[in-house]
Amino acid sequence: MTHDAQPKASLFIDGRFVEGEGAVLPVLYPYTGEEIASLREASANQVAQACQAAARAQPGWAAMASADRGRVLSRAAQIIRDRNEELSRLETLDTGKPIQETLVADWASGAAALEFFGGLAATVTGQMIPLGRDWAYTRREALGVCAGIGAWNYPSQIACWKAAPALAMGNAMVFKPSEETPLGALKLAEILLEAGAPPGIFNVVQGRGQVGAALVTDPCVAKVSLTGSVPTGRRVYAAAAEGMRHVTMELGGKSPLIVFDDASLDDAVGAAILANFYSSGQICSNGTRVFLQQGIAQRFLARLAERLATIRTGDPLDPNTQFGPIINGTQAAKIRAAITAGQDAGARLVCGGAGEGAFIPPTVFADATDDMTITRDEIFGPVMTALTFADESEVVARANATGFGLAAGVFTQDLTRAHRVVAALEAGTCWINAYNLTPVEMPFGGVKMSGLGRENGTAAIEHYSQLKTVYVGMGAVEAPY
């Protein structure tokens, strides 16, 4: 069966589709390797054109009543919900994720973000500061043109998560999706235009790292928001710093999931499945270091293997498929190399392994140590490393012994301990008796090498706006000379 997902053109600049002038960008369906679309990268000149279009459109958009901007975002959310089935099918073709996932977790989350920030737009106010006779006030204003750079694991969700707060605050955006998954952002651009966003407010450029570098350093750009790996984040942050640009960095992780002896076994196992194998393990916040207290460890691993044995792998477009392929051969090779390294280091393979072709089965290592590469390095695939611990102070110290700090989870029936432990964990997003749930109402982001800034929640408004302070003199001006 052939699948055609060819867009009208590769780029979206100033309210219209434009063909790229750069290198060819083939789009492959991860399940079969079939080419489903052929795009072209943006040239350096086209990146500049997109940024200039955004800069021209932005002042008028910012001058609109915030409630009117909010209505545009709310209408876009409704259009997405009305078209969720076709958009989810496109997302599955682009990413290889099972349709049963994309129908509920991808565009649906994007629509929730647009709706949330659409409603929030009109509530953003400043502060009045009395100073005796005089007084001051603050205004929260747009930054200008924001550059968004997406990742391939949740391409359309990421585009919406970045566009929604940026546009709600009166900014314009130029978005570069991952070269692996370029299709969803073009749909979002069309939908925002249809919902009433002026031309130039949301633009899409395609390409590899060189296009991203041109976007980040464009003189029109005031803010850069990246979702990606730590090495990419370092490069983008350094490039943005040269122009004193604002940044949000949502980077990688090697997050701990701590399971105490008193935890509900099935709930903790279910969380470990969500924390390691949803989206074939290709999630930045995954809890890939699972710390099991000694009393529960063997029962946990036995129950986990039992549940993983029932997982249905296959065609991502089949509604019954629960587990899809890895995004591409390069990524699959990296994951397989990590699995081999784990075996060579002496970790015990509980289930899974290298797999075949585009598929790597859910893989669980036990009897691992903290110094193994499978414990230290982000694998970004369906590989879980189980470690055992004796007591709370030990596990907190070991959980924090990493340069990453994106996420963490704790499972226990002792809520005093749960709150004490998450307070001590060095992570930006924590869960208690849950994992990987990221509702748009809640801020999401990391600490340490996992990034800075926050997406979602009211906190995101601070990262897509700047504060202006105004002092108001109410009397005569006194000067010493």
Side-chain angles (χ1 to χ4, degrees), residues 97-101 104-105 255-283 285-316 318-326 332 335-336 338-340 342-343 345-369 372 374-375 379-390 395 407-413 431-437:
K97 294 200 290 184
I99 191 76
Q100 66 166 240
E101 277 189 35
V104 299
S255 301
L257 172 57
I258 300 168
V259 183
F260 286 94
D261 283 346
D262 67 340
S264 162
L265 181 66
D266 264 327
D267 288 337
V269 168
I273 290 170
L274 288 175
N276 285 276
F277 308 120
Y278 201 70
S279 293
S280 299
Q282 299 168 123
I283 299 177
S285 55
N286 271 356
T288 51
R289 292 185 295 148
V290 178
F291 289 92
L292 303 170
Q293 200 164 17
Q294 291 163 353
I296 203 173
Q298 294 313 312
R299 286 184 296 128
F300 180 98
L301 290 169
R303 182 67 179 124
L304 177 65
E306 191 179 285
R307 286 178 63 172
L308 290 176
T310 67
I311 201 164
R312 290 190 293 273
T313 299
D315 183 351
D318 181 344
N320 294 313
T321 294
Q322 298 170 312
F323 189 83
I326 302 303
I335 298 166
R336 289 186 170 112
I339 291 171
T340 299
Q343 292 172 299
R348 175 168 62 90
L349 194 63
V350 175
C351 60
E356 294 179 356
F359 286 89
I360 295 175
T363 299
V364 177
F365 281 107
D367 304 335
T369 59
M372 291 179 180
I374 55 167
T375 310
I379 298 170
F380 216 68
V383 182
M384 171 188 143
T385 302
L387 306 116
T388 57
F389 71 95
V395 77
V410 177
F411 267 78
T412 177
Q413 296 300 308
W431 291 273
I432 294 173
N433 295 333
Y435 205 89
N436 262 353
L437 302 178

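Keep in mind that what you see is a predicted model, and the values were worked out from it rather than measured.
- In this structure, V290 and L304 have side chains that are not in contact, with every pair of non-hydrogen atoms separated by 4.5 Å or more.
- Applying the side-chain contact (heavy atoms from CB on, under 4.5 Å) test between Q293 and each of V259, T388, D261, T412 identifies D261 as the sole match.
- Closest approach of A407 to W431, counting heavy atoms only: CB-CZ3, 3.6 Å.
- One distance of note links CD1 of I335 with OG1 of T363; it measures 9.0 Å at 0.5 Å rounding.
- Atoms CG and CD, on N320 and Q100 in that order, are 7.5 Å from each other to the nearest 0.5 Å.
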Criterion side-chain contact (heavy atoms from CB on, under 4.5 Å) on V383 and I339, from CA distance to verdict:
CA-CA 8 Å; V383 182; I339 291 171; 3.8 Å; yes
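- Taking every heavy atom of both residues into account, G281 and N286 meet most closely at O-ND2, 3.1 Å.
- Residues Q322 and P98 have side chains not in contact (no heavy-atom distance under 4.5 Å, counting atoms from C-beta outward).
- You'll find the side chain of L349 reaches within 4.5 Å of the side chain of F365, heavy atoms only.
- The two residues T375 and R289 have their closest heavy-atom pair at O-CD, 3.2 Å.
- Between I283 and N436, some side-chain heavy-atom pair lies under the 4.5 Å cut-off.
- When the salt bridge (charged side-chain N to carboxylate O under 4.0 Å, His left out) test is applied to R307, the partners found at least two apart in sequence or on another chain are D266.
- Using a 4.5 Å heavy-atom cutoff, the side chains of P325 and P316 are in contact.
- Between L387 atom CG and L257 atom CG the span is 11.0 Å, to the nearest 0.5 Å.
- Of all heavy-atom pairs spanning F291 and P256, the tightest one is CE1-CB, 3.8 Å.
- Annotation: side chain of N276 is in contact with side chain of T288 (closest heavy-atom distance under 4.5 Å).
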Would I374 and I379 count as a side-chain contact (heavy atoms from CB on, under 4.5 Å) if you check the C-alpha gap in whole Å, the side-chain angles of each, and the deciding distance to 0.1 Å?
CA-CA 7 Å; I374 55 167; I379 298 170; 4.2 Å; yes
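- Between the CD1 atom in I326 and the CD atom in Q282 there is a gap of 4.5 Å [rounded to 0.5 Å].
- For F260 and F389, the distance between ring centers is under 6.0 angstrom.
- Annotation for A272 and M384: closest pair CB-SD, 4.4 Å, computed over non-hydrogen atoms.
- Between L301 and V364 the shortest side-chain heavy-atom distance falls below 4.5 Å.
- The minimum heavy-atom distance between Y435 and S255, with the atom names listed, is OH-CB, 3.4 Å.
- Residues I273 and Y278 are not in side-chain contact: their nearest non-hydrogen atoms beyond the backbone lie 4.5 Å or more apart.
- Note that the CZ atom of R336 and the CD1 atom of I360 stand 4.0 Å from one another [nearest 0.5 Å].
- Once rounded to the nearest 0.5 Å, the distance linking CZ of F323 with CD of E101 reads 9.5 Å.
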